[in-house]
Amino acid sequence: MKTTLQHYLRQAVQQLCDTGKLPAQAKEAPIQVERARDPKFGDYASNIAMILAKSCQQNPKLIAEELVSALDTISNVHTVSVAAPGFINFGVEDAFFHSKMAEIIAQKEAYGQIDYGRGEKVHIEIVSANPTGPLHVGHGRLAAYSASLANVLAAAGFKVHREYYVNDAGRQMRILATSVWLRYLEIMGEGVPFPGRGYKGSYIIDIARTLQEDYGDQFFQSAAMVFADVPPDDEAHEEAHIDALIERAEMLLDKSNFKLVFDRAMNSILDDIREDLSEFGVICEEWFLESKLLETGDIDEGIERLKKGDYLYEKDNAMWFRSTTFGDEKDRVVVRENGQPTYFASDIGYHLNKLERGFDHLVDVYGADHHGYIARLNGLLQALGDDPKKLNVLLVQFAILYRGKTKVSMSTRGGEFVTLRELREEVGNDAARFFYIMRKREQHLDFDLELAKSESNDNPVYYIQYAHARVCSIFRQLAQKNMAWDQAQGEASLALLIHPHEKALSRQLARFPECIEMAAVANEPAVVATYLHELANGFHSYYNAHVFLVEEEEVRNARLYLVEATRQVLRNGLTLLGLSVPEVM
RNA sequence: GCCCCGGUAGCUCAGCUGGAUAGAGUGAUCCCCUCCUAAGGGAUAGGUCGCAGGUUCAAAUCCUGCCCGGGGCACCA
């Protein structure tokens, strides 16, 4: 409808230009059509006259009136009026919205699927937290956000590939394996002082225990052997201390046994993450291992390509990427002085790999602490000879956890965090998911556990779900009264929906596809959440103001038609956000 | 010091590709179940849109400066 109105307005402007009432450059002006805020202004409004007023040096109201008289009649538009200071308002026929309702009923779950994305392939990273411990509530926001965004993009017509990037190759993972081994020795009765840089969470002990149960004393070494010649674990040496312990572990266990411990640690954590996400309604089509990049040779190939483009240079025995060429504040190390590649080297390989898989868009979802990455990743795409616009790095602000007024620490290594699983169990999947989603990603999220728990019944998600359950209840009542909904008669009787609540609700329903597009353009699933809340509000108001199961058949069937369309849109929206759609509450 | 995000009703936030009287939820006060689930609806109260300039016919929305809060500035991942 918007584009139709734009089209007609453009024609009108054209005509005024041709007849000399407006200067020729008026044709260039962008034609904006907005949904009217207040029903008394009609359904749509345009400010075009006010925009033209300046360049044409004419009274905006006069221009508006000229435009209106130049407009052809537009089908489904019953009123075109001019309001001060120069708005052109359009009133749309109810019949137009009735036809939209029929579309909803006919299309069912497909209503809201639009072609904005034109089938382009999108790769979206889901969480990608290091498998060094269970997901905590900070990851929860990334998970909920990226999963819902993926759904929104899919609905908007993109072909979406959801992928979890598993960092299984770095030093942190070796620290993890070493931590498990030390706990194992502890269980075997060795008094081992636990390193300050080790992973202290209790899940490490759990993994160590299963290791002991399955392998007995196969990995046993005396504490004296382990700590021989290891630097002290004080502030000045703690990094050296943990590195030395890793080395001792690899040496004393030999490679294959170390790998056994390593794999056991990683896989049990990864299994936990998989299960956690799946229970949270977060699906990944692929789990991509960082170590795979070594096998495919993507890292080497990426580095080669950067070398060819002269984007790499050597300094202080390390290899640097010229990211300053692309606006980064400093160049970045790719290969360390000691010959070890940095994490950024993996990034090079991974992004190259994704590009070679033929994706049109790469969506990286990171926590706000990664904001320094944007410049170097954009630079990377350019240096690889690709379009940096393909890459969209989306930063999600932190969820700061509070218990009452005290901030809860979330250090994975320190082990004192609230896990996503704990949160889900405390407030429920739907409440947790909606709480994460309802804020836009750039908004800091204060997550007060006490509040989330105590107010779980007041959570807006229930408000929306309740609207759906109420519709279901209406149809149950209908059946109990031995009545049936005559869909065809309802559709034929929609003109009987004359109340303001009904007109407003039918207009809200028609907005859903537009809402999906807005959410996709802005990469904000929160837009859908806000919409659903408004829709539920529109329904609840209607519900309280009118009885649906009335005696007059035509009216009843028409109202049920509207209500059924509402149910469908609520269902589609909730599903999109990964929320359950209860029929009874 | 530099960079990113935020600062709107007591609280949590929408609105921010500039537009017509700034909106929800929650908390406060009051009203509505002989009628489809009151996890609901309705009404009232509550706002110098952080501060100061600027651009504009029009600024919560754009620009500049400042103040406050969060985060980031590794040869860590």
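By convention in this document, chain letters (A, B, ...) are assigned in the order of the sequence lines, proteins followed by strands, and residues within each chain are numbered from 1.
- Separating the CE atom of A:Met438 from the C1' atom of B:A24 is a distance of 10 Å, rounded to the nearest angstrom.
- Figure legend. B:C73 is base-paired to B:G1; pairs are counted as Watson-Crick or G-U wobble with both atom distances under 3.5 Å.
- Comparing atom distances between the A:Val547 side chain and each of B:A14, B:G19, B:C35 picks out B:C35 as nearest.
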Item to check | Working for side-chain hydrogen bond (donor to acceptor under 3.5 Å, both in side chains), residues A:Asp298 and A:His351 | outcome: CA-CA 9 Å; A:Asp298 283 309; A:His351 284 83; over 6 Å; no
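- B:A43 atom P lies 12 Å from atom CG of A:Asn544, rounded to whole Å.
- By the criterion of a centre-to-centre distance under 5.5 Å and near-parallel planes under 30°, the ring of A:Tyr463 forms no stack with the base of B:A39.
- Nearest nucleotide to the side chain of A:Glu442, out of B:C5, B:C36, B:G42: B:C5.
- Side-chain nitrogen and oxygen atoms of A:Gln443 include at least one within less than 4.0 Å of the OP1 or OP2 phosphate oxygen of B:A14.
- Whole-Å rounding puts the A:Tyr436 OH to B:U12 P distance at 19 Å.
- In the set B:A74, B:C5, B:A20, B:A74 carries the atom at the smallest distance from any side-chain atom of A:Arg332.
- For A:Asn89, the side-chain atoms get nearest to B:A20 when compared with the rest of B:A20, B:A24, B:C73.
- Nearest nucleotide to the side chain of A:His371, out of B:C36, B:C75, B:G71: B:G71.
- Against the 90° criterion about 0, the sugar-base torsion of B:C33 places it in the syn range.
- Remark: A:Lys354 engages A:Asp364 in a salt bridge, criterion side-chain N to carboxylate O under 4.0 Å.
- Contact annotation: A:Arg470 side-chain N/O to B:A38 OP1/OP2 distance is under 4.0 Å.
- By the 5.5 Å and 30° criteria, A:Tyr466 is not stacked with the base of B:G40.
- Between A:Lys330 and B:A74, a side-chain N or O to OP1/OP2 separation shorter than 4.0 Å is absent.
- With B:C36, B:G19, B:C75 as the choices, the nucleotide that has an atom nearest any side-chain atom of A:Ala318 turns out to be B:C75.
- In this model, a donor atom of one side chain and an acceptor atom of the other lie less than 3.5 Å apart for A:Thr324 and A:Asp331.
- With distances taken from any side-chain atom of A:Thr530 to the nucleotides B:A39, B:A14, B:G71, the minimum falls on B:A14.
- Counting to the nearest Å, the P atom of B:G25 and the CZ atom of A:Phe435 are 17 Å from each other.
- Between A:Val527 and A:His540, it is A:Val527 whose nearest contact on RNA chain B lies nearer the 5' terminus.
- Taking the six-membered ring wherever Trp is involved, the centroid distance between the rings of A:Tyr350 and A:Tyr165 falls below 6.0 Å.
- Going from atom CD1 of A:Ile437 over to atom P of B:A14 covers 13 Å, rounded to whole Å.
- The pair A:Glu583-A:Arg476 does not count as a salt bridge, with every side-chain nitrogen at least 4.0 angstrom from each carboxylate oxygen.
- With a 3.5 Å ceiling on both atom-pair distances, B:A14 lacks any Watson-Crick or G-U wobble partner.
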